[in-house]
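In this text the structure is predicted, and so the values were computed from the model without any measurement. Read the numbers this way: they start at 1 and go in the same order the structure lists the ligands and their atoms.
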Amino acid sequence: MNKKEVTVLNTKKVFSREVLVQQVVDNQNWDVIVIGGGATGLGVALDSVTRGFKTLLLEQSDFAKGTSSRSTKLVHGGVRYLAQGNIDLVKEALYERGLMLKNASHLIKNQSFIIPNYSWWDTILYTVGLKVYDLLAGKLSFGASIRISKKKTSKRLSTIQTKHLKGGVVYHDGQFDDARLAVNIAQTCIEQGATALNHFKVCKLLKTKEGKVSGVMAKDAEGGVEYQLNAKVVINATGVFTDEILQMDKFDAKNTVRPSQGIHLVLDRSFLPGDDAIMIPKTTDGRVLFLVPWHNRVVVGTTDTLLDSHSLEPKPLEKEIDFILETANAYLNKTVSRSDVLSIFAGLRPLAAPKDASEKTKEISRSHKIIVSESGLMTITGGKWTTYRRMAQDTINKAIALGKLSHKNCRTKDLRIHGADGSAEATNHLYIYGTDQKAIELLIADTPELAEKLHPRLEFLKAEVVWAVTNEMARTVEDVLARRVRILFLDAKAAQEVAPYVAHVLAQYLNKPQTWESAQIKEFTQLANQYII
Ligand SMILES: Cc1cc2nc3c(=O)[nH]c(=O)nc-3n(C[C@H](O)[C@H](O)[C@H](O)COP(=O)(O)OP(=O)(O)OC[C@H]3O[C@@H](n4cnc5c(N)ncnc54)[C@H](O)[C@@H]3O)c2cc1C
């Protein structure tokens with residue numbers, strides 16, 4: 001067997017679903033079971049396993065299927081929270097931002113943002129404010145902020161509205177691929193000895209006769225087998241699904257969370273052709289709006305709309321689409337219309353539900369919250385992608401402080417995430433795979449037709465589909481096109497067009513019949529319709 005086969009096959013075995021499910025069959029007793037495979041749950045599982053605890057993470061759908069694939073793609077301290085005077089939160093997030101860049105260098109890039117100023121007061125306010133932002137970042141600064149002239153602003157942002165423009169303030173933050181980071185964290189968990197399974201739903205909590213949570217009942221979505229799994233600690237990290245788990249614990253538990261929806265539109269790069277992103281600090285509804293270059297497209301968002309219900313596939317509302325188009329058009333000199341939207345996606349933030357009808361809904365503190373139920377069930381909620389590591393550290397520290405786990409120190413501060421090698425160079429789009437890039441290139445060398453583009457409008461290659469199914473735990477067309485190669489989020493029509501090819505590759509590697517392949521194409525086509533306006 002030659003070297004390239006060894007590379008590909010070895011990795012495949014570690015992440016093989018059969019191997020991971022067998023670990024569940026063989027081990028009924030765990031130290032920690034984490035429910036939910038978004039940023040929060042994956043972070044907790046990684047913290048737990050690296051401290052030496054026997055850890056199982058179960059995700060009902062795919063890793064990052066929920067809010068964690070639908071973010072604005074920023075690794076940031078939060079300029080907005082600084083404006084609100086939330087210094088501690090910003091400082092914590094800026095520190096985590098620095099660690100993320102160090103530990104997942106292949107996925108996180110230093111991104112310059114320009115705040116266009118249309119009044120002299122704003123110029124002063126943001127110049128001073130961003131100096132404070134720089135100071136709070138300390139040694140982990142991404143670069144100093146500076147004020148620039150109107151001429152420089154319009155040169156760097158060639159599509160910005162110049163009427164009444166006074167100048168701009170440049171600052172730096174991080175930008176990343178959220179779902180890919182989630183998959184890479186899941187891989188790191190497994191490499192460190194945890195079991196992390198997607199498409200595996202927790203349906204019930206197990207309790208001792210004293211009423212203490214002692215484990216979960218979980219069902220493998222592939223094959224439908226149910227498992228009874230015991231754990232010293234069960235951690236609920238289910239985002240907007242938090243209450244469903246809390247109600248498994250106590251059937252009459254009141255709702256603690258009310259979802260607020262944020263949507264993003266994805267546009268062609270011609271709407272923001274340079275290297276800089278735009279940050280609009282105050283839209284007409286008081287929100288921040290970002291226009292950020294991402295995978296050679298531009299992501300524009302977001303809104304903040306209270307909803308009465310949650311779902312894994314939230315739907316953008318017409319009024320949200322209109323709001324983003326109107327706001328973008330107020331700041332750009334190139335008109336954006338609905339027909340320019342390549343993809344549209346919505347994500348849900350868990351807000352604290354009002355305790356009674358007279359109380360207004362308020363946001364769950366951006367600094368996360370850990371709840372310990374009477375039954376011992378632990379719930380971690382709030383926070384943001386940028387602070388996922390710190391949230392995890394606090395959660396496991398709390399479990400230790402409660403005496404549920406033995407004392408062991410956190411080890412994630414310097415832990416490299418799967419793929420990070422500290423020397424990522426963006427020579428082509430495959431750089432995002434970090435240390436896996438070489439193995440994908442070997443795959444192509446072995447089977448040259450895999451070098452073909454998946455779709456003429458996009459840079460992604462056929463080899464990436466094979467890689468996703470053999471090495472990145474993708475199980476469905478959606479897993480591949482939404483969260484491994486992101487085409488659904490970048491160009492939803494192109495995603496529909498390549499679905500039959502992806503379904504065919506998956507069917508071959510997963511040994512599925514033609515009926516499965518057809519059902520996958522149908523299901524994905526319907527889903528992708530939601531990403532098209
Ligand atoms: C519009 C928007 C933009 C944002 N932008 C940014 C940003 O730019 N930068 C940033 O740092 N943060 C951002 N955030 C915040 C960040 O995205 C979230 O804090 C983070 O993704 C939340 O992750 P989570 O794991 O808590 O939730 P989720 O990602 O929703 O994960 C919860 C998971 O639990 C699973 N689950 C639920 N029930 C079960 C069950 N019974 N069994 C098994 N699994 C279950 C779900 O399938 C889901 O995958 C943004 C949030 C929103 C809404």
Side-chain angles (χ1 to χ4, degrees), residues 33-45 56-78 80-81 93 96-97 100 108 111 173-176 178-179 181-182 185-186 196-205 216-219 221 234-248 257 259-264 277 287-288 290 292 294 299 301-305 307 310-314 316 320 345-351 363-364 366-369 379-392 395 483:
I33 292 180
V34 182
I35 315 174
T40 309
L42 289 163
V44 171
L56 171 66
L57 176 139
L58 299 172
E59 162 55 49
Q60 64 176 349
S61 174
D62 185 23
F63 304 117
K65 161 75 182 179
T67 307
S68 298
S69 57
R70 301 156 189 275
S71 78
T72 314
K73 329 293 177 205
L74 303 180
V75 182
H76 61 160
R80 173 155 65 124
Y81 314 129
E96 292 299 324
R97 179 188 75 165
M100 270 172 94
I108 290 141
Q111 173 68 55
D173 247 329
Q175 193 262 352
F176 77 134
D178 47 10
L181 180 58
I185 298 174
L197 274 157
N198 52 0
H199 303 284
F200 218 108
K201 182 172 178 158
V202 169
C203 336
K204 205 177 144 192
L205 297 177
V216 303
M217 285 291 292
K219 188 172 176 178
V234 175
I235 299 173
N236 172 15
T238 55
V240 286
F241 296 84
T242 292
D243 289 332
E244 285 172 24
I245 307 297
L246 289 174
Q247 283 152 13
M248 284 180 193
V257 159
S260 170
Q261 177 159 288
I263 73 153
H264 295 86
R287 280 193 64 78
V288 171
F290 289 99
V292 190
W294 188 62
V299 175
T302 176
T303 52
D304 198 353
T305 313
L307 301 183
H310 61 270
S311 103
L312 258 183
E313 203 48 74
E320 294 181 291
F345 58 93
L348 300 177
R349 241 178 252 281
L351 301 193
E363 199 157 323
I364 281 187
R366 296 288 167 149
S367 55
H368 50 277
K369 192 169 162 191
T379 296
I380 164 82
T381 185
K384 51 188 191 167
W385 235 123
T386 309
T387 54
Y388 84 97
R389 191 207 67 85
R390 176 60 194 266
M391 292 164 69
T395 308
R483 290 169 295 275

Are any of the N/O atoms on Lys65, whether in the backbone or the side chain, positioned under 3.5 angstrom from an N/O atom of ligand 1?
no
Applying a heavy-atom cut-off of 4.0 Å, say which part of Ala237 lies close to ligand 1: side chain, backbone, both or neither.
backbone
Donor-acceptor pair, Thr303 side chain versus Thr305 backbone, under 3.5 Å?
no
Angle between ring planes, His76 versus Phe290, binned at 30° and 60°: parallel, tilted or perpendicular?
perpendicular
Ile245 near ligand 1 by a heavy-atom separation under 4.0 Å:
yes
Give the contacting part of Ile35 toward ligand 1: side chain, backbone, both or neither, where contact means a heavy-atom distance below 4.0 Å.
side chain
Qualifying residue, where the test is side-chain hydrogen bond (donor to acceptor under 3.5 Å, both in side chains) with Asn236 and the options are Thr379, Thr242, Asp243, Thr40
Thr379
On a heavy-atom basis, I'd like to know which of Lys204, Gln60, Lys384 is closest to atom 44 (N) of ligand 1.
Gln60
Who's closest to atom 24 (P) of ligand 1 heavy-atom-wise, of Thr303, Thr40, Ile263?
Thr40
Considering only heavy atoms, does Gln261 approach ligand 1 within less than 4.0 Å through its side chain, its backbone, both, or neither?
neither
Hey, could you give me the NZ/CG distance between Lys73 and Asp178, rounded to the nearest 0.5 Å?
3.5 Å
Answer side chain, backbone, both or neither: which part of Phe241 comes under 4.0 Å from ligand 1, heavy atoms only.
side chain
Answer with side chain, backbone, both or neither: which part of Glu244 has a heavy atom less than 4.0 angstrom from an atom of ligand 1?
neither
Taking atom types as modelled, is there a side-chain donor on Thr72 or His264 under 3.5 Å from an acceptor on the other?
yes
